[in-house]
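Here is the structure we will look at, set down as structure tokens.
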Amino acid sequence: MASKVRMSSQTLDVLEALLSDAGSWRYGYDLSRDTELKSGTLYPILMRLAERKWLETRWEPTERGTPPRHLYRLTANGLCLAKEMLKEARRGRAWRRPAYHGAKA
Amino acid sequence: MKAQDLAHQFAEWLLNGAQRLAPPHAREWGEAMRGELDFVQGSWATLAWATGGTRVLMNQTLLNFLTGRSGEAASVPPGRFQAEAPMKKITPGLAILGVAVLAVLLFAPSFQQALSVSMDSWSWVFGRPGITGRQLHRLAERARAEHDAQTLAFVALRLPPGAEGARLADEAVKLDPKLTWIYYSLAARNWPNPKAKAWAERLEAWEPQNAVPHLLVADLEGLHVSNGNILVFGPDQVRADPRWMNAMAAGFAAPKYDSYLAAQLDLDRAVMARHHLVNPLFVLSSVSSLPVPGIVTLQRYAYIVYARGEALEAKGALDQAAEEYWTVARFGQLMHMQAAGGFERQAGVVLQREAYQRLESVAARSNRPGERALLAYQIEILNPPHQELRDNGFWIDVYQWNAEVGQISFLVLLVSVILLAAWGLYFAARRFRASAASGRLEGLIRASGFAGELGLVVSSLTLYLSYHPYAQLFERFAQGSGAAQSDWLMTFWGFAEVPWAVNGMFSDGFWWFALLALAACLLAFEIFRIASGPRPSRAAAL
């Protein structure tokens, strides 16, 4: 089923960033820097991934007076599907990334 | 305070505001984006982060508003990605909203009138009048059967110059001699038909106390046809023509000035109410085709009178000279006070002003300071001559702009309906024939559908709002009598003409129209191809 899923290159970028350190929790801003995606692009992807249970989230308490930070990591199911998806994307033409992403891909 | 602090504060304020408006399920994400703000480096990066976040939250707010979606996640099985493109979710809600807005507005009489007027303005582009020849003939047949003189006159004044209009006019006047005034319009429009002069003379005999029929006789007398062209006789030729001179003298001495605008409007009101023809453009077309006495003819006669006055002044006969100037001044007063149309009133002002200047000079020479002061005051209050037009100028501009908005709205409404129809046809074809277009084309069709829905909502509302003042004007006109509100009817011209850019497009040999038609055919062909093609395996998309 998952092999027939089409994904945007930005979503694949986010999945790749999350897979690069699969077990650990990641901040939104870190993901933004890794993927070079702006908040307006990154967060809708995170929202959709979380909504489909590919992603789990938690809040990190901070010092008093500063807002808590949101953390993300792939669920076990999301991890499997993301790996499959990236493998599929690398094989096919779907993931056409700009040249400067070539080293990562 | 540093720029970084300021940017941070502004970014925080922006995100907080968007978060307050966002639906409950999206607020957590707003909080998440705000939590990252402290770690974003650089003022511009902070602002960019906040504006991006605000956009995400506003999209969620809009999505929530249009789809009525609750805060819960969609019931998609974990691990499976169905297409979640926001447009797909927005479109059904927006389509329903658009159709609902249009359906509600269709019940509003002013919106119905706006549609009818806008459609008529397009029929004018294609060279057809607001009311078709077939409609006019049907009206005439019915009027004949019912001995309805007013409707016969109404049709006669709208038919193109020719024998049929003349016959209907004669029938109308025979049934009701009070309608003899229709010969005024008919004679002016049918010149150089030999009957035109006879109609003008008949009108002159019917209402000798009115200046206008005399002026019409003189106007026609001052024209001649040479090699198929209508030419105006020169000043010396008309001065030597006793029929012209007599008609002008009778016109300038008449105690009444009526160019039949009020009668024309009353006729339009009565016939439109009788036959349920609710369209301001019908009135506009008759008002605009109603002739007015030629200002050149009036000025020409005034100068003949002034020349007589100057000759008398040269002889020292100042009282007789003043009497000549008063002939023009009195006629100017009559036009100014009794004419229904703004243009004629202004012509009256122009005539008066020049006559008063000459009279002031005579009063000075005759050593009558009281009379001179009074005349100076009259000249002063008649300056500037276009005060009346200037007073209304602002509102006329407002109405013109409003009309442009309305006309563009109608155009957008038409395009939106076409786009929506194409979108609906495509998805119906997909559902029943289970075929799909390529991803790019489907995206285009979906985007067109979305644009159509949005266009439908916005253009329906703007058309309604922009036309509403016109509907109010027309209602006041329909309920009034005589020439009341007739000046304001001219503001309908804005609605009677399609936007200039579009008009130009059509006047340039219909090329653009052909291009649009070709694009529509290609779209229809593509839809047909999709509808009749085989069904490919459908892939879910993220």
Side-chain angles (χ1 to χ4, degrees), chain A residues 1-12 14-15 26-33 37-63 65-72 75-82 84-85 89 92 94, chain B residues 8 11-12 14-16 18-19 22-23 25-41 44-60 63 69 71-86 439 536-542:
Chain A
M1 188 69 209
S3 65
K4 288 188 177 175
V5 171
R6 267 201 330 264
M7 282 191 165
S8 67
S9 61
Q10 291 90 344
T11 306
L12 291 168
V14 175
L15 288 178
R26 304 288 303 272
Y27 296 116
Y29 186 52
D30 290 345
L31 287 171
S32 166
R33 279 197 305 194
L37 292 176
K38 294 187 182 347
S39 59
T41 310
L42 173 69
Y43 276 87
I45 293 170
L46 293 177
M47 287 160 84
R48 286 201 290 271
L49 290 171
E51 198 177 78
R52 269 68 175 177
K53 314 284 188 221
W54 286 40
L55 200 67
E56 58 182 324
T57 64
R58 78 174 173 85
W59 288 101
E60 181 188 70
T62 51
E63 290 168 18
T66 53
R69 295 185 79 181
H70 214 205
L71 292 158
Y72 315 96
T75 60
N77 192 36
L79 197 66
C80 293
L81 289 164
E84 197 182 337
M85 202 62 62
Chain B
H8 190 277
E12 213 167 342
L14 206 61
L15 274 174
N16 281 340
Q19 211 181 332
H25 72 277
R27 281 184 201 148
E28 183 192 14
W29 291 96
E31 193 64 39
M33 288 181 269
R34 206 166 69 89
E36 298 302 304
L37 264 186
D38 290 337
F39 303 93
V40 181
Q41 286 156 10
W44 286 114
T46 307
L47 288 174
W49 184 267
T51 48
T54 304
R55 186 163 59 81
V56 173
L57 294 173
M58 294 314 285
N59 281 349
Q60 291 295 318
L63 195 67
R69 193 183 134 183
E72 292 146 26
S75 57
V76 175
R80 187 171 168 193
F81 263 93
Q82 278 291 355
E84 79 312 301
S537 61
R538 203 187 300 171
L542 179 59

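The chains referred to below are lettered A, B, ... by the order of the sequence lines, with proteins before strands, and numbering in each begins at 1.
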Options B/Ala45, B/Gly53, B/Gly52, B/Ala48, ranked by heavy-atom pairs under 4.5 Å with chain A, top entry: B/Gly52
Atom group of A/Leu46 that falls short of 4.5 Å from chain B, counting heavy atoms: both
Interchain contact, A/Thr75 with chain B, by part (heavy-atom threshold 4.5 Å): neither
A/Met47 side, atom CE; B/Gln60 side, atom CD - distance, nearest 0.5 Å: 3.5 Å
Taking every non-hydrogen atom, the tightest pair across A/Thr41 and B/Arg55: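 Closest approach of A/Thr41 to B/Arg55, heavy atoms only: N-NH2, 4.3 Å.
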Where B/Val56 and A/Ser39 come nearest, the two heavy atoms and their spacing: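 B/Val56 and A/Ser39 have their closest heavy atoms at CG2-O, 4.0 Å.
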Portion of B/Val40 that has a non-hydrogen atom of chain A nearer than 4.5 angstrom: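 Both the backbone and the side chain of B/Val40 come within 4.5 Å of chain A.
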Whether A/His70 and B/Trp29 hold their rings parallel, tilted or perpendicular, with breakpoints at 30° and 60°: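 If you compare the ring of A/His70 with that of B/Trp29, the planes turn out perpendicular.
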Minimum side-chain heavy-atom gap B/Glu36-A/Tyr43 below 4.5 Å: yes
Residue pair A/Pro67 / B/Asp38, side-chain heavy-atom distance below 4.5 Å: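 A side-chain contact exists here, since the closest heavy-atom pair is under 4.5 Å.
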